[in-house]
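Only heavy atoms go into these numbers, but all of them, side chains included; no hydrogens, no water, no symmetry mates. Every chain is numbered from 1, with letters handed out A, B, ... down the list of sequences.
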Amino acid sequence: MSEPIAVPQPDQSRFDFALRLADNCLVLGQRLAEWCGRGPELEEDMALTNIALDLIGQAQLWFEYASELDAQQRSADALAFFRDQNEFRNVLLVEQPNHDFGYTITRQFYFDSFHYLLLNELVASTDQRVRGISEMAFKEVAYHLRHSTAWVCRLGDGTAESHRRIQQAISDLWCYTGELFAPDTVDAEMFRDRVAPDLSRLQIIWLHQVNSIFKQATLQLPESIWMQTGGKQGAHGESMGYLVGEMQFLRRIYPDAQW
Amino acid sequence: MVNYMSPSRPSLREIWDWLDEVKDPEIPVISVVDLGIVRDVRWNNDEKAYGLVVTVTPTYSGCPANEVIKEDILKALQLHRIDRATVETRLSPAWTSAWISEKGRRQLREYGIVPPIPMASTSLMPQRHLACVAIKSIDAPVVPCPRCDSRDTRMISRFGSTPCKALYVCRVCGEPFDYFKCH
């Protein structure tokens, strides 16, 4: 006998899907927060930490949804602070270290441009919760994208040194862009249920658009190379461990602490 | 304590007036009603869960004021002896700065924050080309100085002291000021 479902039921694929979105936002937010007090100028310090704040806010919304779908019934906080590195499902791009400002901006631009196109489709998701969070996040991410795009143009079309540095970052981080669009069984299932778009279709749009911005910025799109993957399945790089350690440290030594 | 089921319980109209006294914690001259955060106020007449339900739509997902606003709403209602109240969050439709009331816009202006200037380009665009987004970054609105009304101002920082604001400076009087972003 079927009853109308009022509360989300545990759903492994949808849980994984929400968790990946949450982890992308949380990890990138944490990376950006590392710039706090160290920005190249005061305005940029505020910009990077404002973007971090938006992303951590979005992560919270995705974690809350993931929590409702979780067969283990973990809370949003437990998902953020009590999972180990290999249980994180973010793409490798977002965990890459800040390095210099050119790297940070390039990582942000690669992610913002993907995030923007993705959310633009998720606002029409068949999943009402996904739709609601995406509607809110889309407006914030459009603003982030404006910021990172403007910097790509300024650094690319700036001095010889700024051009050299951002071009280096564009080439070095390129190998992490393939994973953004590499569908696995979770993505295929989400596409089948029209919860999420077809990632390979998004990639075509993304490539075309990123290329046109690089042209404006006098930058070169890297040649196709071997793409690193594995983040969405929990295989992360060495630097991720340090990030998780710093992010979770306080919560883990005081697990019952309250604000 | 209020008798929730009685016909003499406070009217929704009165409650909206009380909520209008709850100020935004970051911009304490404007109320959460004038900011357009409070979307709905209703009585839940269900016997098991009777009480007041206030529905809010947050401005920005990471804004630290979100939690404070919820607490402040509940405190304000308690002052008026409504202690059976819940604050529900509604994400869709997403909050837009177009929901700020005329009164709210005036209060922002008087406080020295320029209220949002609607631009066709900042609303959801039909064409989603990234290059369009990029060009819009150069196409920032003309924001008049709240002190001297000069239109000769420039953006110093796209991000300000709170998620909802950007920082500008006036080229004529030299004064920096906040602009409430069109969102």
Side-chain angles (χ1 to χ4, degrees), chain A residues 25 29 41-62 64 109 112-113 116-117 120-121 123 128-129 131-140 142-154 205-206 208-213 215-217 259, chain B residues 26 56-68 71 88-99 116 119 121-140 154-169 176 178 181-183:
Chain A
C25 293
E41 55 185 19
L42 184 61
E43 292 76 14
E44 209 44 41
D45 203 293
M46 288 201 299
L48 296 172
T49 44
N50 259 276
I51 295 170
L53 192 64
D54 282 345
L55 289 171
I56 291 168
Q58 292 170 21
Q60 196 176 358
L61 296 171
W62 290 120
E64 279 163 14
F109 173 67
D112 287 345
S113 47
Y116 178 84
L117 291 173
N120 183 38
E121 304 269 340
V123 296
Q128 192 199 333
R129 292 293 299 276
R131 231 165 38 227
I133 299 170
S134 302
E135 255 183 62
M136 187 172 194
F138 178 75
K139 300 175 88 171
E140 295 167 0
Y143 206 73
H144 303 169
L145 177 62
R146 252 171 243 172
H147 188 70
S148 56
T149 305
W151 269 114
V152 166
C153 294
R154 262 173 93 178
I205 308 171
W206 182 82
H208 175 72
Q209 302 193 352
V210 165
N211 193 26
S212 82
I213 286 165
K215 269 193 191 140
Q216 280 181 47
W259 285 111
Chain B
E26 299 277 7
V56 297
T57 296
T59 52
Y60 287 79
S61 55
C63 185
N66 291 339
E67 282 309 307
V68 182
E71 285 169 24
E88 277 181 4
T89 301
R90 183 195 288 164
L91 297 184
S92 175
W95 180 84
T96 158
S97 52
W99 289 350
M119 287 195 305
S121 60
T122 50
S123 61
L124 298 181
M125 291 160 281
Q127 78 280 45
R128 307 283 195 203
H129 198 285
L130 298 186
C132 298
V133 181
I135 291 158
K136 303 259 162 29
S137 71
I138 301 153
D139 180 30
R154 74 180 176 89
M155 184 166 73
I156 306 175
S157 175
R158 198 176 272 112
F159 295 86
S161 56
T162 63
C164 56
K165 287 179 293 187
L167 199 58
Y168 277 71
V169 68
D178 279 326
K181 288 168 0 191
C182 188
H183 185 74

Just so I know, are the side chains of [X] and [Y] near enough to count as touching, which here means a heavy-atom distance under 4.5 Å?
X: A/Arg131; Y: B/Ser92; value: no
X: B/Ile156; Y: A/Glu43; value: yes
X: B/Thr96; Y: A/Lys139; value: yes
X: B/Pro64; Y: A/Leu53; value: yes

Could you check whether atom CD of A/Gln128 has more than 12 heavy atoms from other residues, nucleotides or ligands sitting under 6.0 Å from it? no
Pair count under 4.5 Å, heavy atoms only, with chain B: among A/Ile51, A/Asn50, A/Leu61, highest is A/Asn50
Residue among A/Glu140, A/Met46, A/Arg129, A/Gln58 with most heavy-atom pairs under 4.5 Å to chain B: A/Glu140
Segment of A/Leu55 engaging chain B (4.5 angstrom heavy-atom cut-off): neither
Considering only heavy atoms and a distance below 4.5 Å, find which of B/Ser61, B/Pro58, B/Ala94, B/Gly62 pairs most often with chain A. B/Ser61
Counting heavy-atom pairs under 4.5 angstrom with chain A, the leader among B/Ser157, B/Ser161, B/Cys63 is B/Ser157
Would you check if the side chain of A/Asp54 reaches a backbone N or O of B/Tyr60 as a donor-acceptor pair within less than 3.5 Å? no
Donor-acceptor check, side chain of A/Tyr143 to backbone of B/Phe159, threshold 3.5 angstrom: yes or no? no
Would you name the heavy atoms of A/Met136 and B/Leu91 that are closest together and state the gap between them? SD-CD2, 3.7 Å
Which heavy atom of A/Ala150 sits nearest a heavy atom of B/Arg158, and at what distance? CB-NH2, 4.0 Å
Okay, B/Thr57 and chain A: the region with an atom under 4.5 Å from a heavy atom over there is neither
